[in-house]
Amino acid sequence: MSAKTSAGKGVRVAFGSRWSHVGTALCAVSLIALAAAPFWGGRDDLQLLSEIYAYVALASLWNLLAGYAGLVSVGQQAYVGLGAYILFALAILGGVSPLWAIPLSGVISAAIAIPVAALVFRLRGHYFAIGTWIVAEVFRLLASQVSLLGGGSGTSLLAAVVIGMAPTRQLRDFLLYWIALALVVVVLATIVLLLRSRYGLALKAIRDSELAATCNGIDVRRTKVLVYIVTAFGTAMVGALIFLQKLRVSPDAAFSVNDWTAFVIFITVIGGIGRIEGPIIGTIVFFVLRQTLADLGTIYLMMLGLVAILVMLTTPKGLWGLLVERFGWQVFPLERKVVFEERSAARE
Amino acid sequence: MGGQNSVANAVPILALDKISKRFGAIVIAEAIDLELGEGEALGIIGPNGAGKTTLFGIISGTLSPDSGRVLYAGADITAMPPARRCAMGIGRSFQIPLPFGGMSVFENLVVASAFGGGRHERDAYQSCMDILERCALADKANRQASSLTLLDRKRLELARALATDPAVLLLDEVAGGLTERECQALIELIRDVRKSGVSIIWIEHVVHALIASIDRLVVLHNGGFIAEGDPATVLRSPQVAEIYLGIEADA
């Protein structure tokens with residue numbers, strides 16, 4: 001086994017599989033179709049699609065946090081609400097264009113996430129989860145104290161600000177729709193690029209075994225803090241956009257644990273946690289259930305719970321995990337494959 | 001840290017200085033001293049539960065000792081986190097394999113090489129493939145690590161530790177379950193690794209593989225080393241026969 005002389009040739013490494021080519025093509029086609037939605041869909045369609053994009057983005061970010069970095073936060077509504085409130089503050093009090101306020105709210109929220117991380121990272125596991133929730137509640141209470149933004153009952157964007165974005169209502173709808181689509185594409189693309197990099201390998205290693213990761217040179221804590229801050233950045237931008245579309249913000253809506261965390265966890269878990277495709281599948285399932293069952297009121301929520309329990313019992317890796325195991329499907333090319341020349345196959 | 005080269009021969013690459021560790025009432029280590037010379041291969045044996053793996057935890061930084069110091073090339077690393085120790089040159093394989101199950105075998109090595117070995121990802125590919133070749137895992141490079149058999153998982157432990165480009169390699173029972181031919185291949189592989197200048201500490205129950213590869217043997221029992229020295233002599237010593245029943249018969 002000594003001195004094997006195969007070292008001469010360079011090792012060729014390719015990303016993805018046959019399936020991921022199919023996946024990339026499908027993504028491109030559907031992206032074009034979705035970008036053209038203003039020309040084939042009505043106002044309701046655009047709103048529904050925007051909401052779907054927001055949930056895909058939120059769930060993908062939560063998946064990055066919980067599924068890859070192992071940080072099970074139940075307090076991401078802190079950043080949805082923070083982003084929303086920063087946007088309204090900038091637009092109403094600072095006179096900043098709401099469109100510029102979206103990236104700004106991301107940056108400011110990421111900066112706020114740094115001291116928050118220093119606080120919640122003292123806690124582990126369940127305590128971390130509870131800690132993040134408490135942070136979100138503190139944010140909600142703080143927001144309800146800001147009388148300039150309407151205190152506990154919230155506030156609306158001024159008509160002048162709204163008209164400033166685009167002169168007609170239809171143009172505004174189109175504009176906000178395209179921003180929502182762009183944002184989810186940017187979030188997904190960033191996550192794909194992150195996971196393809198060496199830091200993505202580190203994240204997957206942490207997901208699979210923290211002990212082995214730390215003993216193989218990966219600074220687990222620093223990686224987690226970075227993911228937490230990046231996630232806060234993305235989540236806040238999505239939050240800002242959600243409430244820009246609503247034109248109205250209030251503490252209870254912006255920091256809702258139900259809307260921005262419980263549903264997001266549901267989506268990620270049934271779709272497949274720790275897999276980038278999981279949140280997309282999960283969001284589709286969630287919206288199909290919602291559109292068909294929402295009229296049933298409480299029964300709808302019980303059905304959601306039932307679906308969650310069934311999926312967790314039968315396919316703990318989620319629906320996408322099931323498809324991966326059955327068919328080896330892969331939409332996003334994330335895995336490094338060694339391309340073997342004719343040698344080594346013949347060996348042994 | 002300065003002047004390391006001039007005293008390289010005198011300063012052991014790794015040293016434990018009066019290390020003590022207990023879990024509740026169970027004493028794992030009581031003021032243990034241990035030195036590993038540069039390029040040396042040291043074997044550790046001892047009954048189950050003697051604390052051999054705990055020592056590896058203390059050396060690699062996943063456990064902190066109750067008292068005492070860990071020295072690497074003369075520098076005190078007792079408070080240093082595991083990731084930095086690995087980047088510095090301490091590679092560890094786990095007794096119960098901990099593969100990165102959701103990644104391919106090749107990616108398991110790439111991540112170890114990129115972070116533990118401090119390489120750029122692309123520069124790591126070639127050496128990772130070479131290591132897989134040497135560890136008889138090359139044909140499984142694209143397999144998910146979670147789909148490997150126990151034996152291959154053990155190989156992966158060794159391969160991944162090698163990918164971090166260690167100066168000190170901690171091997172925890174890598175020979176268990178190997179056939180005689182595989183065991184010979186492993187002995188040769190470890191000989192190769194030693195030739196490249198890596199110092200080794202090897203915990204092993206497969207004694208014949210161990211003594212074929214090491215310079216020195218220590219026996220851990222009741223929180224201390226009860227015998228130390230030339231492997232053959234240590235194995236024949238009455239203390240070892242007394243506490244380590246069965247070894248003589250097996251060997």
Side-chain angles (χ1 to χ4, degrees), chain A residues 1-15 17 67-68 195-223 272-275 317 321 324-325 328 334-341 343-348, chain B residues 60-62 81-87 90-94 97-104 106-108 110-118 120-122 124-130 132-136 138-139 141-142 144-146 157 160-161 163-164 184-186 188-189 191-192 195:
Chain A
M1 201 142 286
S2 55
K4 268 258 174 334
T5 51
S6 56
K9 285 178 195 167
V11 176
R12 280 227 302 133
V13 174
F15 279 93
S17 63
Y68 285 95
L195 290 179
R196 270 177 76 139
S197 74
R198 65 201 290 255
Y199 298 101
L201 280 182
L203 268 178
K204 287 186 227 168
I206 291 171
R207 173 196 66 187
D208 292 343
S209 168
E210 280 193 28
L211 180 59
T214 185
C215 285
N216 281 285
I218 297 164
D219 190 334
V220 173
R221 194 188 150 85
R222 203 184 62 171
T223 311
I273 191 168
R275 293 173 192 281
K317 288 177 180 169
V324 170
E325 271 170 17
L334 292 182
E335 274 157 28
R336 291 156 183 75
K337 297 268 182 206
V338 180
V339 182
F340 286 100
E341 314 296 337
R343 61 164 183 102
S344 72
R347 217 169 51 81
E348 233 166 320
Chain B
S60 63
T62 57
R84 279 188 55 206
R85 294 192 201 196
C86 175
I90 299 179
R92 175 184 182 184
S93 82
F94 288 91
L98 295 174
F100 302 134
M103 296 157 67
S104 73
F106 179 67
E107 285 178 319
N108 267 261
V110 171
V111 72
S113 184
F115 287 87
H120 284 292
E121 194 193 315
R122 281 175 200 293
Y125 291 163
Q126 183 67 59
S127 68
C128 288
M129 259 335 272
D130 290 345
L132 286 180
E133 195 96 39
R134 286 161 70 188
C135 296
D139 50 340
N142 288 334
Q144 283 258 308
S146 60
E157 278 296 326
R160 195 176 57 187
T164 66
Q184 277 309 316
L186 176 72
E188 262 181 60
L189 170 63
R191 211 168 273 165
D192 267 8
K195 267 190 216 144

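Every chain is numbered from 1 and lettered A, B, ... according to where its sequence line falls, protein lines coming before strand lines. Owing to the predicted nature of the structure, the values given are computational and were not obtained by experimental measurement.
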Open item on the list: Heavy-atom cut-off 4.5 Å, strictly under: side chain, backbone, both or neither for B:Arg160 against chain A?
Closed with: both
Task: Contact leader toward chain A among B:Arg92, B:Met103, B:Arg84, B:Lys195, where contacts are heavy-atom pairs under 4.5 Å - done: B:Met103
Task: A:Arg221 versus chain B, the contacting section by heavy-atom distance below 4.5 Å - done: neither
Task: Contact leader toward chain B among A:Ala205, A:Gly200, A:Ser209, A:Ser197, where contacts are heavy-atom pairs under 4.5 Å - done: A:Ala205
Open item on the list: Return the CZ to CZ distance between B:Phe100 and A:Arg207, rounded to the nearest 0.5 Å.
Closed with: 11.0 Å
- [ ] Can you tell which part of B:Phe94 gets under 4.5 Å to a heavy atom of chain A, answering side chain, backbone, both or neither?
- [x] side chain
- [ ] Let me see the working for B:Met129 and A:Phe340 under side-chain contact (heavy atoms from CB on, under 4.5 Å), right down to the final yes or no.
- [x] CA-CA 11 Å; B:Met129 259 335 272; A:Phe340 286 100; 3.8 Å; yes
TODO: Answer yes or no: is there a donor N or O on one side and an acceptor on the other, between the side chain of B:Glu107 and the main chain of A:Arg336, under 3.5 Å?
DONE: yes
Task: Euclidean distance, B:Ser60 OG relative to A:Leu211 CG, rounded to 0.5 Å - done: 7.5 Å
Task: Region of A:Ile206 in contact with chain B, defined by heavy-atom distances below 4.5 Å - done: neither
- [ ] Below 4.5 Å from any heavy atom of chain A, which atoms of B:Gln144 appear? Answer side chain, backbone, both or neither.
- [x] side chain
Task: Smallest separation among heavy atoms of A:Gly217 and B:Cys86, with atom names - done: N-SG, 3.4 Å
Task: Contact winner vs chain A - B:Ser146, B:Pro82, B:Ala87, B:Pro81, heavy-atom pairs under 4.5 Å - done: B:Pro82
Task: Most contacts with chain A, counted as non-hydrogen pairs under 4.5 angstrom, among B:Pro97, B:Ala141, B:Gly102 - done: B:Gly102
Open item on the list: Show, in sequence, the C-alpha distance, side-chain angles and deciding distance for A:Ile218 and B:Val111, and conclude whether the side-chain contact (heavy atoms from CB on, under 4.5 Å) test is met.
Closed with: CA-CA 8 Å; A:Ile218 297 164; B:Val111 72; 3.8 Å; yes
Task: Side-chain donor/acceptor of B:Asn142 to backbone N/O of A:Lys337, under 3.5 Å - done: no
